[in-house]
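This report concerns only the one structure given below.
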Number of protein chains: 2
Amino acid sequence: MQSIFLLNMAIDIVKILHRHDLRSTTARRLVLKVLVDGKKPLTHKQILQRIKEEYDSINLVSIYRIIQKFEELGIVHSHSRSGGFTLCSLIGDSGHHVLLSCEQCGKVEECMDKELCKKENEIAKENGFSPTSHLNEIIGVCESCQLCNT
Amino acid sequence: MQSIFLLNMAIDIVKILHRHDLRSTTARRLVLKVLVDGKKPLTHKQILQRIKEEYDSINLVSIYRIIQKFEELGIVHSHSRSGGFTLCSLIGDSGHHVLLSCEQCGKVEECMDKELCKKENEIAKENGFSPTSHLNEIIGVCESCQLCNT
DNA sequence: ATATTAAATGCAAAAAGTTTGCATGTAGCT
DNA sequence: AGCTACATGCAAACTTTTTGCATTTAATAT
């Protein structure tokens with residue numbers, strides 16, 4: 001795999017990797033770049049597709065391993081969903097991940113909410129749990145599908 | 001498959017099925033009974049195991065189909081989790097499902113919370129979503145594992 | 001620059017979960 | 001009891017995810 005595109009890759013990407021004591025490999029840079037640019041949760045396959053379209057080909061297995069590593073280090077969250085796929089999203093510092101998934105068009109959006117996070121920590125506490133992370137999914141019908149239905 | 005145990009099966013089970021216009025088959029009664037008795041989320045395989053242990057053998061495929069049907073009718077929720085398995089739990093009328101899963105011992109508890117439900121509906125509304133259901137998972141360390149760690 | 005070494009990747013194949021097609025069996029009804 | 005539509009079992013397909021091993025590569029020292 002070549003690294004032609006390394007030059008115009010945001011420096012942050014490499015920084016993030018080094019900050020976590022990760023070797024800055026081409027595959028890792030690409031996965032991270034796609035997640036940053038994507039600005040929304042992606043499945044492993046989608047990550048692969050985007051990398052293929054925009055850059056070069058890498059192996060799906062590597063994406064699994066990279067995501068796993070990123071997750072261990074707290075760089076991404078992966079969220080298993082019914083239907084047999086898993087969404088991966090960057091962990092920001094803006095609070096708590098909530099997935100809004102439309103049961104009609106299948107679109108998945110993501111939003112953040114700090115209050116929800118707080119509330120969940122309370123629930124954890126009430127049950128004797130020491131929380132490390134949360135996952136939320138709200139299933140419903142999105143705005144555009146609601147309009148179509150009328 | 002015999003129906004020896006049909007006699008001492010709570011009448012509610014059959015009622016629930018009929019209320020949803022479902023044929024009261026042995027397999028469905030067993031799945032429902034195990035979920036009711038279990039009082040906690042179970043995977044498809046766990047449901048199968050319990051049925052095998054306590055009653056008779058049925059096919060895993062049937063469990064998948066039964067759970068799918070139950071889910072369509074709003075009798076159960078299934079919650080995909082990282083690690084490649086899906087938990088099925090009865091939908092009660094006590095509010096909102098929250099899974100508390102311990103990352104050390106793997107134990108999964110379930111609790112209900114109406115406020116969380118309300119908060120999530122607000123979030124959905126803010127994002128133009130018309131919510132139909134929610135899923136929550138709080139990952140952390142349970143009480144007993146915390147004690148072991150000290 | 002080159003060599004070294006531990007770590008990361010690619011490939012193939014296995015493993016696990018889930019779905020599908022089809023023949024058979026059964027619940028609910030007459 | 002017989003009919004019919006629906007449910008189940010079985011085998012096999014399909015999808016996602018994991019694993020083992022040989023090869024390649026990043027980071028470091030020479």
Side-chain angles (χ1 to χ4, degrees), chain A residues 1-4 6 9 13-32 41-49 51-52 55-73 75-76 78-88 106, chain B residues 1-4 6 9 13-32 41-49 51-52 55-73 75-76 78-88 106:
Chain A
M1 198 187 319
Q2 299 306 313
S3 51
I4 333 166
L6 179 61
M9 183 168 279
I13 299 287
V14 178
K15 272 189 187 164
I16 293 172
L17 293 172
H18 282 146
R19 193 185 311 143
H20 288 89
D21 284 319
L22 285 175
R23 285 192 184 178
S24 163
T25 67
T26 313
R28 281 180 184 155
R29 285 192 299 268
L30 288 176
V31 171
L32 199 46
L42 298 170
T43 66
H44 297 83
K45 266 194 179 172
Q46 287 174 326
I47 293 171
L48 177 62
Q49 275 175 336
I51 289 176
K52 274 186 179 169
Y55 309 100
D56 211 330
S57 176
I58 72 172
N59 197 295
L60 182 60
V61 176
S62 302
I63 293 181
Y64 274 97
R65 286 195 269 228
I66 288 169
I67 292 294
Q68 187 180 308
K69 192 116 240 170
F70 283 1
E71 201 170 13
E72 285 167 13
L73 296 168
I75 302 175
V76 309
S78 67
H79 186 134
S80 297
R81 306 199 47 248
S82 53
F85 58 100
T86 301
L87 285 171
C88 311
Chain B
M1 198 189 319
Q2 298 306 312
S3 50
I4 333 164
L6 180 61
M9 182 169 281
I13 300 286
V14 179
K15 273 190 187 165
I16 293 173
L17 293 172
H18 282 145
R19 193 185 312 143
H20 288 90
D21 286 317
L22 285 175
R23 284 190 184 178
S24 163
T25 67
T26 313
R28 282 180 184 156
R29 284 193 299 269
L30 287 175
V31 171
L32 200 46
L42 299 170
T43 65
H44 297 84
K45 265 194 177 171
Q46 287 174 325
I47 293 171
L48 177 63
Q49 276 175 337
I51 289 176
K52 274 186 179 168
Y55 310 100
D56 210 330
S57 176
I58 72 172
N59 196 295
L60 181 60
V61 176
S62 302
I63 294 181
Y64 274 97
R65 285 195 269 228
I66 289 168
I67 291 295
Q68 186 179 308
K69 191 116 238 169
F70 283 1
E71 201 170 11
E72 285 167 14
L73 295 169
I75 302 173
V76 310
S78 68
H79 186 135
S80 297
R81 305 201 44 251
S82 54
F85 58 99
T86 301
L87 286 170
C88 311

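Naming: A, B, ... by sequence-line order, numbering from 1 per chain.
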List the residues meeting side chain to side chain contact (heavy atoms under 4.5 Å, CB included) with A/T43, not counting sequence neighbours, and say none if there are none. A/K45, A/Q46, A/F85, A/L87
Test of understanding: with side chain to side chain contact (heavy atoms under 4.5 Å, CB included), list the residues that count as partners of A/H20, not counting sequence neighbours. A/I16, A/L22, A/L73, A/I75
Angle, rounded to 10°, between the helical axes spanning five pairs at each terminus of the helix from C/dA1-D/dT30 to C/dT30-D/dA1? 30°
Check nucleotides 14-17 of chain D against the protein and report each pair of N or O atoms closer than 3.5 Å, with its distance, or say if there are none.
from	atom 1	to	atom 2	distance (Å)
D/dT16	OP2	A/K45	NZ	2.5
D/dT17	OP1	A/T86	OG1	2.6
D/dT17	OP2	A/Y64	OH	2.2
D/dT17	O5'	A/Y64	OH	3.2

Once you round it to whole Å, what is the distance between [atom2] of [N] and [atom1] of [X]?
X	N	atom1	atom2	answer
A/Q68	D/dT19	CD	C1'	11 Å
A/E72	C/dA7	CD	P	14 Å
A/K52	C/dG10	NZ	C1'	13 Å

Mark yes or no for whether A/R29, through its side chain, and A/V14, through its backbone, hold a donor-acceptor pair below 3.5 Å. no
Nearest-0.5 Å distance, [atom1] of residue [X] to [atom2] of residue [Y]:
X	Y	atom1	atom2	result
A/I51	A/L30	CD1	CG	5.0 Å
B/I58	B/R28	CD1	CZ	11.0 Å
A/S57	A/K52	OG	NZ	5.0 Å

Across all chains, not counting sequence neighbours, the salt bridge (Lys or Arg N to Asp or Glu O under 4.0 Å) partners of A/R65 are none
I'd like a table of atom pairs between the protein and nucleotides 11-15 of chain C - only N or O on both sides, under 3.5 Å - with the distance next to each one.
from	atom 1	to	atom 2	distance (Å)
C/dC11	N4	A/R65	NH2	3.4

Given A/H44, which partner from the list A/T86, A/V31, A/V61, A/I66 fulfils the side-chain contact (heavy atoms from CB on, under 4.5 Å) test? A/T86
Using the rule side-chain contact (heavy atoms from CB on, under 4.5 Å), only one of A/I13, A/L32, A/L17 pairs with A/S24; which is it? A/L17
Contacts of B/S78 that satisfy side chain to side chain donor-acceptor pair (under 3.5 Å) - sequence neighbours left out: B/E71
On DNA chain D, does the nearest nucleotide to B/L22 precede the nearest nucleotide to A/R23 from the 5' side, or the other way round? Give the residue. B/L22
Phosphate oxygens OP1/OP2 of [N]: is one of them under 4.0 Å from a side-chain N or O of [X]?
X	N	result
B/T25	D/dT8	yes
A/R28	C/dA8	yes
B/H18	C/dG28	yes

